[in-house]
Amino acid sequence: MELNRNTCKTVQDRPVKVVQFGEGNFLRAFVDWVIQQLNNQAGFDGNIAVVQPLAQGMIPMMLEQSGLYHVILQGIENGELKRKAELIDAISEMHNPYEDFERYLQIAEYDELQFVFSNTTEAGITFVKTDLPEHNADVSFPGKLTRLLHRRFEYFKGAVDKGLFIVPCELINHNGEALKDCILQYADLWNLGDQFKSWLEEANTFCNTLVDRIVPGFPKESISEIQEELGYKDQLVVEGEVFLLWVIEGGEKMKAAFPADQIGLNVIYTDDQQPYRNRKVHILNGAHTTMVPVGLIAGIETVQNAVEDEHVGQFIQAAVQEEIIPTLTLPKAELEAFAVEVMDRFRNPFIKHYLSSIALNAFHKYRTRVLPCVLEYIKTEGKLPARLILALSSYIHVYGKELIAVKDDQEVIDLIAKAWQADSLSATASTILAYESLWGEDLSKIDGFTDLVSSQLEAIEKEGMVAVLEKLSKAAEVV
């Protein structure tokens with residue numbers, strides 16, 4: 001049976017309280033799942049208007065299913081294997097602003113709108129000084145949001161009670177503050193006026209957040225069996241783990257408006273999410289980002305296979321214990337306990353999390369998740385962290401040799417292509433490491449960095465990844 005609002009009679013009508021930028025697997029298995037729980041258990045009574053942030057996306061498929069889909073959560077909870085499939089009916093509007101920008105802007109006029117959620121990857125929260133308001137959808141995500149907020153400001157004549165809670169889920173530090181800064185820059189660039197800027201500051205709450213749930217996405221290998229179980233032809237099924245953590249800096253007003261903690265969800269409202277963020281981003285996401293290219297070169301497909309592999313598993317364990325944990329400030333015992341929990345989550349037998357799916361925007365992910373540990377390790381230990389740098393070398397190899405379909409900013413793709421035209425691996429490494437706009441600094445100026453990357457690239461090509469890992473396990477500083 002097809003899945004839509006005609007065939008599924010249990011779907012409820014609710015006012016749109018949420019506009020969401022992004023229609024990918026993570027948001028649908030995390031934010032939208034939480035909103036579904038609030039609707040079911042807390043009387044939230046709110047639906048979601050999803051906005052496709054890029055010209056190409058999933059809106060056409062979502063329209064076919066009237067925004068309906070199932071989330072399947074699987075994992076270990078309190079020592080027991082758990083599995084639950086649940087219909088999500090909270091998405092009632094789907095917008096492609098590239099096709100109808102005015103219809104998108106009209107979301108701002110909804111009286112009961114309260115929240116903005118987003119996940120446009122780490123590269124999404126960006127101010128582009130060449131963006132102009134007449135470009136409409138052809139601007140950055142913060143640019144699109146600025147237009148939406150300005151429409152709301154004008155429509156409700158600057159009413160303070162029509163401000164929104166703006167809750168980005170992009171995995172960058174102080175994401176709420178970064179998004180707010182971009183919007184204020186657009187307000188200046190587009191001459192939107194001081195009154196609008198004051199309304200942004202006084203009426204809206206920009207929340208820094210941390211999100212944590214492993215979401216492998218669409219279960220392509222078992223979808224036939226799942227659809228038979230569900231009784232619907234659902235092409236938007238998304239799998240995730242049972243574990244969830246959401247840390248929000250939003251104050252008492254956000255907590256009261258979005259009471260997810262009151263229904264037993266692991267949602268923490270705090271004044272400082274930084275300790276939670278550092279632990280999660282560098283151990284869990286850092287481990288993910290570090291294992292991906294190494295595992296891909298070694299011929300491994302999934303996270304579970306990677307951590308259970310003799311060579312890649314030992315590599316990622318050592319990278320976390322010896323090169324990531326020493327750079328963090330929380331008590332070592334707490335960090336090690338969290339690392340053990342993370343590895344158990346990686347081994348979740350229900351989840352087939354493909355390494356290739358984690359590789360989206362890999363260089364930006366490396367910069368935010370791994371590079372801070374690399375730089376801190378160099379600062380405190382006085383040497384290069386060979387395993388974390390091997391991950392970077394491996395990404396250069398994966399992108400350069402096109403081992404997977406590369407999905408990244410065109411700027412990064414062009415940089416890699418140019419670097420691989422050099423006449424030596426050393427020149428390739430130097431070109432990439434010296435690209436300050438990507439890394440925030442010239443990494444080629446760090447003593448020994450270029451030499452280590454070029455030697456690792458040579459070893460990967462000549463000896464293969466298994467041999468590289470075997471040598472690395474014996475001598476962490478050299479390959």
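S140 places a side-chain N or O within donor-acceptor distance of the main-chain N or O of G143, the cut-off being under 3.5 Å. Under a 3.5 Å cut-off, the side chain of W246 and the backbone N or O of A260 do not form any donor-acceptor pair. Judged purely by atom type and a 3.5 angstrom limit, R14 has no side-chain atom pairing as donor or acceptor with the backbone of N47. Formation of a donor-acceptor pair under 3.5 Å by the D442 side chain with backbone atoms of E436 is not found in this model. In this structure, E323 contributes its side chain and A386 its backbone to a donor-acceptor pair below 3.5 Å. Side-chain atoms of K144 come within 3.5 Å of backbone N or O of A137 as a donor-acceptor pair. R369 contributes no side-chain N or O that, together with a main-chain N or O of G286, makes up a donor-acceptor pair within less than 3.5 Å. The backbone N or O of I88 sits nowhere less than 3.5 Å from a side-chain atom of Q36 that would complete a donor-acceptor pair. For W439 (side chain) and I432 (main-chain N/O), a donor-acceptor pair under 3.5 Å exists by modelled atom type. Proximity of a side-chain donor or acceptor of Y399 to a complementary backbone N or O of V412 within less than 3.5 Å is not detected.
Proximity of I358 to V303: side-chain heavy atoms (C-beta onward) are separated by under 4.5 Å at one or more points. Counting heavy atoms from C-beta outward, T126 and P142 have side chains that stay 4.5 Å or more apart. Residues D272 and N208 form no side-chain contact, since every pair of their non-hydrogen atoms from C-beta on lies 4.5 Å or further apart. At least one side-chain heavy atom of S92 sits less than 4.5 Å from a side-chain heavy atom of V16. By the 4.5 Å heavy-atom criterion applied to side chains, H397 and Q456 are not counted as neighbours. With a 4.5 Å cut-off on side-chain heavy atoms, L113 and R152 count as touching. Using a 4.5 Å heavy-atom cutoff, the side chains of E201 and L184 are in contact. Counting heavy atoms from C-beta outward, Q37 and F44 have side chains that stay 4.5 Å or more apart.
In this structure, K17 fails the cation-pi test against Y110, since its NZ or CZ atom is not both closer than 6.0 Å to the six-membered ring centre and inside 45 degrees of the ring normal.
Interatomic distance, Y395 OH to D408 CG, rounded to the nearest 0.5 Å: 10.0 Å. Rounding to the nearest 0.5 angstrom, the gap separating the CD atom in E202 from the NZ atom in K197 is 12.5 Å. Between the NZ atom of K401 and the CG atom of L296 there is a distance of 16.0 Å, given to the nearest 0.5 Å. The OG1 atom of T450 sits 11.5 Å away from the NZ atom of K445 when rounded to the nearest 0.5 Å. Here OG1 of T270 is found 10.0 Å from NZ of K255. Values are rounded to the nearest 0.5 Å. In this structure, CG on N285 lies 3.5 Å from NZ on K280, to the nearest 0.5 angstrom.
Aromatic pair F196/H150: centroids less than 6.0 angstrom apart. Proximity of the aromatic rings of Y186 and F127 is defined here by a centroid distance below 6.0 angstrom, and this criterion is met. For an aromatic pair to be called close, the ring centres must be under 6.0 Å apart, and F258 with F165 fails this. Note: F338 and Y276 fail the aromatic proximity criterion, with ring centroids not under 6.0 Å apart. Two rings, from F363 and Y366, have their centers 6.0 Å or more apart.
Tested against E170, the residues T121, N119, T120 include a single side-chain hydrogen bond (donor to acceptor under 3.5 Å, both in side chains) partner, T120. Checking each of Q20, R103, Q52 against H95 for a side-chain hydrogen bond (donor to acceptor under 3.5 Å, both in side chains) leaves exactly one that passes, namely R103. A side-chain contact (heavy atoms from CB on, under 4.5 Å) with L171 is found for one member of D212, L210, T368 and no other, namely L210.
Contact record, S394 with V294: OG-CG2, 3.7 Å, taken as the closest heavy-atom pair. Of all non-hydrogen atoms in R28 and Y69, the two that sit nearest each other are O-OH, 2.6 Å. Here the closest heavy-atom approach between residue S66 and residue M94 is recorded as C-CE, 3.9 Å. Across L73 and E241, no two heavy atoms sit closer than the pair CD2-O, 3.6 Å. Counting all heavy atoms, side chain and backbone alike, W420 lies closest to L457 at CZ2-CD2, 4.4 Å. Taking each heavy atom of I283 and V342 in turn, the nearest pair found is CG2-CG2, 4.2 Å.
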I would like to know whether V242 and R213 meet side-chain contact (heavy atoms from CB on, under 4.5 Å); could you show each step before the answer? CA-CA 8 Å; V242 173; R213 167 172 274 174; 5.6 Å; no
Can F346 and H353 be said to form a ring pair (Phe, Tyr, Trp, His ring centres under 6.0 Å), step by step? CA-CA 9 Å; F346 287 170; H353 201 174; 8.4 Å; no
Applying side-chain contact (heavy atoms from CB on, under 4.5 Å) to M58 and L236, what does each step give before you reach the verdict? CA-CA 9 Å; M58 297 176 64; L236 293 169; 3.4 Å; yes
List the steps and the verdict of side-chain contact (heavy atoms from CB on, under 4.5 Å) for I183 and F206. CA-CA 11 Å; I183 291 171; F206 290 81; 3.8 Å; yes
side-chain hydrogen bond (donor to acceptor under 3.5 Å, both in side chains) between Q74 and N348, intermediate numbers included: CA-CA 8 Å; Q74 306 173 110; N348 187 337; over 6 Å; no
Verdict with reasoning, E411 to S437, per side-chain hydrogen bond (donor to acceptor under 3.5 Å, both in side chains): CA-CA 10 Å; E411 178 186 15; S437 65; 3.2 Å; yes
Determine whether V237 and I72 satisfy the following criterion, side-chain contact (heavy atoms from CB on, under 4.5 Å), listing intermediate values before the conclusion. CA-CA 7 Å; V237 173; I72 299 176; 3.9 Å; yes
Verdict with reasoning, E252 to Y269, per side-chain hydrogen bond (donor to acceptor under 3.5 Å, both in side chains): CA-CA 8 Å; E252 290 300 317; Y269 300 88; over 6 Å; no
Determine whether E109 and K162 satisfy the following criterion, salt bridge (charged side-chain N to carboxylate O under 4.0 Å, His left out), listing intermediate values before the conclusion. CA-CA 10 Å; E109 301 172 7; K162 294 303 178 183; over 6 Å; no
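If you check the side chains of E86 and N40, you find a donor sitting under 3.5 Å from an acceptor.
A salt bridge does not link E441 with R367: every distance from a Lys NZ or Arg NE/NH1/NH2 to an Asp or Glu carboxylate oxygen is 4.0 Å or more. A salt bridge does not link R5 to D89: none of the charged nitrogens lies less than 4.0 Å from a carboxylate oxygen.
Note on ring orientation: taking the six-membered ring where Trp is involved, the planes of F153 and W199 are tilted (angle from 30° to 60°). Classification of the F21-F141 ring pair by plane angle, with boundaries at 30° and 60°, yields tilted.
More than 12 heavy atoms of other shown residues, nucleotides or ligands fall within 6.0 angstrom of atom CD in E134.
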